[in-house]
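Chain letters run A, B, ... following the sequence lines, proteins first, then strands; residues in each count from 1.
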Protein chains: 2
Amino acid sequence: MNGKIFIIEDEPSIIQLVQHNLEKNGFLVSSSLNGNDGLKELKKFQPDLLLLDWMLPDLSGIEICKNIRKDNSIKNLPVIMLTAKGEEEDKIKGLDSGVDDYLTKPFSFNELMARIKAVLRRSNPNTVSDNLEFEDLVLDRIEKRVYRDKKEIQLGPTEFRLLEFFLVNPKRVYSRDQILENVWPNNINVESRTIDVHIRRLRKSINIQNKKELIRTVRSSGYSLI
Amino acid sequence: MNGKIFIIEDEPSIIQLVQHNLEKNGFLVSSSLNGNDGLKELKKFQPDLLLLDWMLPDLSGIEICKNIRKDNSIKNLPVIMLTAKGEEEDKIKGLDSGVDDYLTKPFSFNELMARIKAVLRRSNPNTVSDNLEFEDLVLDRIEKRVYRDKKEIQLGPTEFRLLEFFLVNPKRVYSRDQILENVWPNNINVESRTIDVHIRRLRKSINIQNKKELIRTVRSSGYSLI
DNA sequence: TTAGTTTGTAACAAAAATGTAACATTTAAA
DNA sequence: TTTAAATGTTACATTTTTGTTACAAACTAA
């Protein structure tokens, strides 16, 4: 997944949360805390999608939207509007401001992600790919397949999830705790050594002759792709 | 599915959305943002069907329609009219402008597709094929028949729906939950193991000697065609 | 260097997922 | 009604996956 997303939202905690998660998913993210700055930075950033809060300190979401539709350089920018409960949702949705989708706060990140994908898929199909790639490694989330050097590799379920996790931020080093949290089902307790064993299994699976090792061990810290 | 569809609609986001999805479904699509241009390009493009917005900046949908009916070269072109909510739907539909069908915005793409198929089926039966195909497997939705390697195969109702579901996105892996949601009638509760059994029955039915297995098991994830 | 820590590896047993057949119940057809 | 077809469920066999352990190897710091 790749693509640029801009956020205009006056609540810093929401920005932080969303931005962090989007980046984890491979998006490039920038943001503004108010409408006027947002409109300016928007044009510089040239995003593929805009997350827009309905209530802002200066301009309303609708006004920003209208501004965007008038501006030829960003006329077709897809917009997902964030509205707080109680903001008379029906009224808002009724207004034809050219918004592509709406999301009512509070929302889960998964919801948001689903909407983003849907919107991007129709506006800019190339932006959304459910393939994760790194060097000659390709992981297809839809078909649940993994290829190295174009040749398919068979992975067990945990190996698959493990690799998927690493591929989101390939070069980042993850501690065993982080890996556990993200790759294993919640609340399940396994020894930290278990990870080592699965790393070993994954290594065995994705290694092919004459090709360099893809998983790096960072002593006393964890593992990463490399 | 094949055939040419022309769109006259002044909202670029709708055009983009509809066009992309129609193309994904095998149609050839062209469009105009206003009525006058639309009428000209229409004649060049020679579509099998026209999607026509009711409210346009210059001509109204009705006027365009009248123009078309007067023009011998495109006299019988089927038209689906798109109307926004609040445009006094009843009044519009009452007018005998020779429109074949109406659709009120906002509409889902599935709705639109269903209407398009219906209209095309009666105007130009050869344009619409409701066959799903994958490798040597053919599923005919109209006649409810399935063929493998040109020879007909008998499937039970659930087997048929199951196969139909897989054939829409053949290589995609679906979880048991997803299969349940899409293949079984809503709100019906069946054990997840039930799916396995039906998969097994489907496999038995569609397998023929010396041919590779068509259903892939992805352990701990689900099933897909392959 | 040496001792202590960390990691790689293989083996094994336990647990989980899946394939298969059989059976009872429901539904549809004749 | 009678008969056949379709369906959901269960039980059991088989395969795959998983966690853990034990030991070897590699690394680090003094």
Problem set entry | Letter per nucleotide, 5' to 3', of nucleotides 14-24 of chain D [B base touched, S only sugar-phosphate touched, - untouched; heavy atoms, 4.0 Å] | -BBSBBBB---
Exercise. Nearest heavy-atom pair of A:S32 and A:D37: which atoms, and what distance?
Worked result: OG-C, 3.7 Å
Exercise. So, for A:Y174 and A:F165, is the gap between ring centers shorter than 6.0 Å?
Worked result: yes
Exercise. Using a cut-off of less than 4.0 Å, is there contact between a side-chain N or O of B:Y223 and OP1 or OP2 of C:dG19?
Worked result: yes
Exercise. So, is B:R176 close to the C:dT18 phosphate, meaning a side-chain N or O under 4.0 Å from OP1 or OP2?
Worked result: yes
Problem set entry | A:R145 bridged to A:E152 by N-O distance under 4.0 Å | yes
For this session: Anything below 3.5 Å on both distances counts as a pair; with that, list the stems of at least three consecutive Watson-Crick or G-U pairs involving DNA chain D.
Result: C:1-30 with D:1-30
Exercise. Is there a side-chain contact between B:L137 and B:L163 (heavy atoms, below 4.5 Å)?
Worked result: yes
For this session: Nearest whole angstrom, please: distance from the P of D:dC12 to the CG of B:D196.
Result: 18 Å
Problem set entry | Greater than 12 external heavy atoms within 6.0 Å of A:Q178's CD | yes
Problem set entry | Beyond-backbone contact of A:L132 with A:R141, side-chain heavy atoms, under 4.5 angstrom | yes
Exercise. Passes side-chain contact (heavy atoms from CB on, under 4.5 Å), B:I199 versus B:R201? Steps please.
Worked result: CA-CA 5 Å; B:I199 288 280; B:R201 287 170 179 161; over 6 Å; no
Exercise. Taking OP1 and OP2 of C:dA17, is either one under 4.0 Å from a side-chain nitrogen or oxygen of B:T217?
Worked result: no
Exercise. Where is the tightest heavy-atom contact between B:D100 and B:L77, given as atom of each residue plus distance?
Worked result: OD1-O, 4.3 Å
For this session: Rounded to the nearest angstrom, tell me the gap between atom CD1 in B:I199 and atom P in D:dT7.
Result: 14 Å
For this session: Using the closest heavy atom to pick a nucleotide of DNA chain C for each, name whichever of A:K204 or A:S221 lands nearer the 5' end.
Result: A:S221
Exercise. Expressed in angstrom and rounded to an integer, what is the separation of B:R203 atom CZ from C:dG19 atom C1'?
Worked result: 8 Å
